[in-house]
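Written below as structure tokens is the structure these notes are about.
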2 protein chains.
Amino acid sequence: MNTEQHSDATRQKILNVAADEIHLHGFQACSTSEIIKKAGISKGALYHHFTNKLELGYAVFDEVFAPKLIGLWKPVLEGNNPIQDMSQLFQEILSWTDCKMLTKGCPLNNLAQEMSPIDEGFRLRIGKIFDAWELSLTKALIRGQAAGTVKQEVNPKRAALFIMASIEGAQGLAKNSQDTKVFSEGIYGLIDYLKMLEAT
Amino acid sequence: MNTEQHSDATRQKILNVAADEIHLHGFQACSTSEIIKKAGISKGALYHHFTNKLELGYAVFDEVFAPKLIGLWKPVLEGNNPIQDMSQLFQEILSWTDCKMLTKGCPLNNLAQEMSPIDEGFRLRIGKIFDAWELSLTKALIRGQAAGTVKQEVNPKRAALFIMASIEGAQGLAKNSQDTKVFSEGIYGLIDYLKMLEAT
DNA sequence: GTTGAAACCGACTCATCGGTCTGCTACGTT
DNA sequence: AACGTAGCAGACCGATGAGTCGGTTTCAAC
């Protein structure tokens, strides 16, 4: 491994460990010392790759959290049958036994709740992802209406926001109860709702 | 004002200021020094009334946050027409212009997201309230079915959880966007959903 | 008036935080 | 082989956190 590859590996290791720590403790409560310890690197290494904790947080968001969410939703947001695609996505998520997402909360939503009121950089980043998610979902529902899979009387924008809210909310409730059943029950409720939107 | 009354007043002042600070910054990020400054009291006074920060947090939850939520939902949880009662409650909440609840998030949910993974005391307290909320809402929906205002095919428990999730989720999204319209649009989505549950 | 305890004050401690700085090491370049 | 720099190590720094503790005030009881 040459120097550049090694440097990249160190950076990636920091990002991954930081992502875990932020997901677990939140951004403010996670400590750089803990990240250093768990990554097996030094303070010098961390501050060589990132100018400060905030920039590290932004990098974790941009390079770890955001791509993960976008990758997960890609099929739904690009297809013409959003209801079926979403139901399928949810089934897949529910099949992840022992997944941190189910009891540790959505990293996006965790960060949003914690940081958006106190840091504009985080707020804008999170807002950008949520807006893109909402817009894509709205468009997918409109395409579904055009394709005849979604009822015409559905308000696509409103329904998109409502769907997002119920997903994040279900994750939040599951996180508190530390019970994946709460999440799955919430998602089944969402699937019931989606069925009501389906054109007959 | 005698000694006892004055002591109670001090305690209440601490609780109210702490509730504001926790709501705004979260439990971990809010500082006792700031609470002391804003309450106009001394460190000695704070630690005379509360053994430590955690106990202060528990007291804020038990004596400020929880009663507020329960009081708000009382009509819905005790009536026989939950759908209409909820719609009315939401209309009332939406009419609160400039309310912290809309852009600062639900205090309950904020605390749940932040503290439930790392402190069992908070988790159990929050869980108790959420469980009570879910149970009461489920029972209200069942009474609604008995009274003929809610469709028979609705799964009450599942619907109750879904409603709670969408409310908390909508508040979360609104908090991030710092836009009350996001909250109201989410709530209108919920009202649309509730209409679908209504017996015709 | 004396006393005793509750209420309160605020300087202090100590741990930990994010962040800096000096210097070493190892590799790519010439 | 010599040199320069990217990558990294870790001791150190000031700020701030929660929490302590000896002292003072106030008031009710006797």
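Protein chains get the first letters and strands the later ones, always in sequence-line order, with residue 1 at the start of each. Given the structure is predicted, the values throughout are model-derived calculations rather than measurements.
In this structure, B:F50 atom CZ and D:dG19 atom P are separated by 13 Å, rounded to whole Å. Taking atom CD on A:Q28 and atom P on D:dA15, their separation rounds to 21 Å, with Å as the unit. B:E21 has its CD atom 16 Å from the C1' atom of D:dA18, to the nearest Å. Atom CD of A:Q5 is separated from atom P of C:dA26 by 19 Å (rounded to the nearest Å). Rounded to a whole Å, the CD1 atom of B:I35 is 17 Å from the P atom of D:dT16. At whole-Å resolution of the value, CG in A:L56 and C1' in C:dC17 are 15 Å apart. D:dG17 atom P lies 14 Å from atom CG of B:L46, rounded to whole Å. Per the geometry, NZ belonging to A:K37 stands 13 Å off C1' belonging to C:dC17, to the nearest Å.
Inter-residue side-chain proximity for B:I22 and B:F61 is flagged as unmet; no heavy-atom pair is nearer than 4.5 Å. Looking at heavy atoms from C-beta onward, A:R11 lies in side-chain contact with A:E63 at the 4.5 angstrom threshold.
One finds a side-chain N or O of A:H49 lying less than 4.0 angstrom from the OP1 or OP2 phosphate oxygen of D:dC8. Checking the phosphate oxygens (OP1, OP2) of D:dG19, no side-chain nitrogen or oxygen of B:T32 falls inside 4.0 Å. Not one side-chain nitrogen or oxygen of A:H6 sits closer than 4.0 Å to the OP1 or OP2 atom of D:dA6. For D:dG7, one of the phosphate oxygens OP1 or OP2 lies less than 4.0 angstrom from a side-chain nitrogen or oxygen of A:H48.
Between A:F130 and A:W133, the ring planes are parallel. Angles under 30° get that label, and only those over 60° would be called perpendicular.
To the nearest 0.5 Å, atom NZ of residue B:K175 and atom CZ of residue A:R123 are 12.5 Å apart. A:Q91 CD to A:S184 OG: the interatomic distance, rounded to the nearest 0.5 Å, is 10.0 Å.
Residue A:T10 has its side chain nearest to D:dC8 when only D:dA18, D:dC8, C:dA7 are considered. Among the nucleotides D:dA18, C:dA7, D:dC8, the one closest to any side-chain atom of B:K53 is D:dA18.
The residue among A:F27 and B:S42 whose nearest nucleotide of DNA chain C is located toward the 5' end is B:S42.
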Donor-acceptor contacts, no H, no angles, side chain residues 27-39 of chain A, under 3.5 Å, sequence neighbours left out:
residue, atom, partner, partner atom, Å
A:Q28, NE2, A:E114, OE2, 3.2
A:S31, OG, A:E34, N, 3.0
A:K38, NZ, A:E21, OE2, 2.8

Can you check each nucleotide of nucleotides 21-26 of chain D against protein heavy atoms at under 4.0 Å and return B for base, S for sugar-phosphate only, - for none, in 5' to 3' order? ------
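Of the charged side-chain nitrogens involved, none lies within less than 4.0 Å of a carboxylate oxygen, so that A:E198 and A:K195 do not count as a salt-bridged pair.
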